[in-house]
Q: 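First the structure, which I've put down as structure tokens, then a few questions once you've had a look.
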Amino acid sequence: MAVTLSTINKIKSQGEKFTCLTTYDATFANLVSRAGVEIILVGDSLGMVLQGRESTVPVSVEEMAYHTACVRRGNQGALIMSDLPFMSYATEAQGLESAAALMRAGAHIVKLEGGQWLCPLVKKLADGGIPACVHLGLTPQSVNKFGGYKVQGRDAATRQQLIDDSLAAEAAGAAILLYECIPSDLMSEIMKKVHAPVIGIGAGGSTDGQVLVLHDMLGITPGKTAKFVRNFMVGGVSIAGAVEAYVKAVKDGSFPSTEHEFE
Ligand code: KIV
């Protein structure tokens, strides 16, 4: 049975966990969806993972639409979430057009990075039949503003800002909230205040779902491994076995553990 937003809400209401992994092509979409991952994220991380760029900033809507269409052809029933890339939603009109391009390419939901300034667009998208996931915390498209990939929400002002942004995004109609690299106690506090399904990456174990970049959890990303990543391709398992182990670990609560959290 195909996974829909209703499925995700049902999993949350039953107090169970759901899984999300980035995927950028048909072959991996087939493997990941058959391994039981509920949400495939066609992330703009493809700019770094596939294209070898330094950040996600250069990625275009056309590239996102191309990879979304590839994923859609291989997908076996997962919910496909596609990233609106950098500056493709700087105005409402641009955001609607970019989101429509990704939906036409095969996305079921779009993801966009930011806080309260996004709310009018999130509402317009929802009114127009396009569900949106709002990505908060460390938003990689703002790496130049942050001065690096840094944990967010470490001081009182930014903690409060994240709480306010979360409530505003939910009130605007965000279907899913996603938090990247924030302290786990802040994540737990936000979890008590919001009702939408929440996905975390480097945000601790309190969220309803987890996401990782596929190449990170397969241990094939060059360079230093981020604190919040676990390599699941260990002990001679196949790629499918590693993805299944990830699904199992998220669902039984053994991933993420305290070693993957920020305090
Ligand atoms: O593009 C991406 O892969 C993402 C995840 C890091 C959440 O946005």
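As the structure lists them, so they are numbered: ligands from 1, and atoms in each ligand from 1. These numbers were taken from a predicted model, which means no experiment stands behind them.
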Q: Which of the atoms in ligand 1, numbered in the order shown and given with their element, are less than 4.0 Å from a heavy-atom of T22?
A: 3 (O)
Q: Distance under 4.0 Å to a non-hydrogen atom of E180: what atoms of ligand 1 satisfy this?
A: 6 (C)
Q: What atoms of ligand 1 come closer than 4.0 angstrom to any heavy atom of K111?
A: 4 (C), 8 (O)
Q: So which heavy atom on H260 is nearest to which on R230, and how close?
A: NE2-CB, 3.7 Å
Q: Given C20, which partner from the list V32, L41, L212 fulfils the side chain to side chain contact (heavy atoms under 4.5 Å, CB included) test?
A: L41
Q: Using a strict cut-off of less than 4.0 Å between a Lys/Arg side-chain nitrogen and an Asp/Glu carboxylate oxygen, indicate whether D185 and R159 qualify as a salt bridge.
A: yes
Q: Any heavy atom of E113 closer to ligand 1 than 4.0 angstrom?
A: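 For ligand 1, residue contact (heavy atoms, under 4.0 Å) with E113 is absent.
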Q: Check this for me - ligand 1, S45, N or O atoms closer than 3.5 angstrom, yes or no?
A: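 Such a contact does occur with ligand 1.
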Q: In terms of ring plane angle, is the pair H215 and F28 parallel, tilted or perpendicular, where the classes change at 30° and 60°?
A: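 Geometry flag for F28 against H215: tilted rings.
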Q: Is it true that T22 and Y24 share a donor-acceptor pair across their side chains at a distance under 3.5 Å?
A: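 A pair is found: one side chain offers a donor N or O, the other an acceptor, under 3.5 Å apart.
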Q: Does the distance from a Lys or Arg side-chain N to an Asp or Glu carboxylate O, for R154 and E263, drop under 4.0 Å?
A: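 Salt bridge: no.
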Q: Using a strict cut-off of 4.0 Å, indicate which atoms of ligand 1 neighbour a heavy atom of D83.
A: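 Counting atoms of ligand 1 from 1, those under 4.0 Å from D83 are 1 (O), 2 (C), 8 (O).
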Q: Among all protein heavy atoms, pick the one closest to atom 5 (C) of ligand 1 and tell me residue, atom and distance.
A: L41 CD2, 3.7 Å
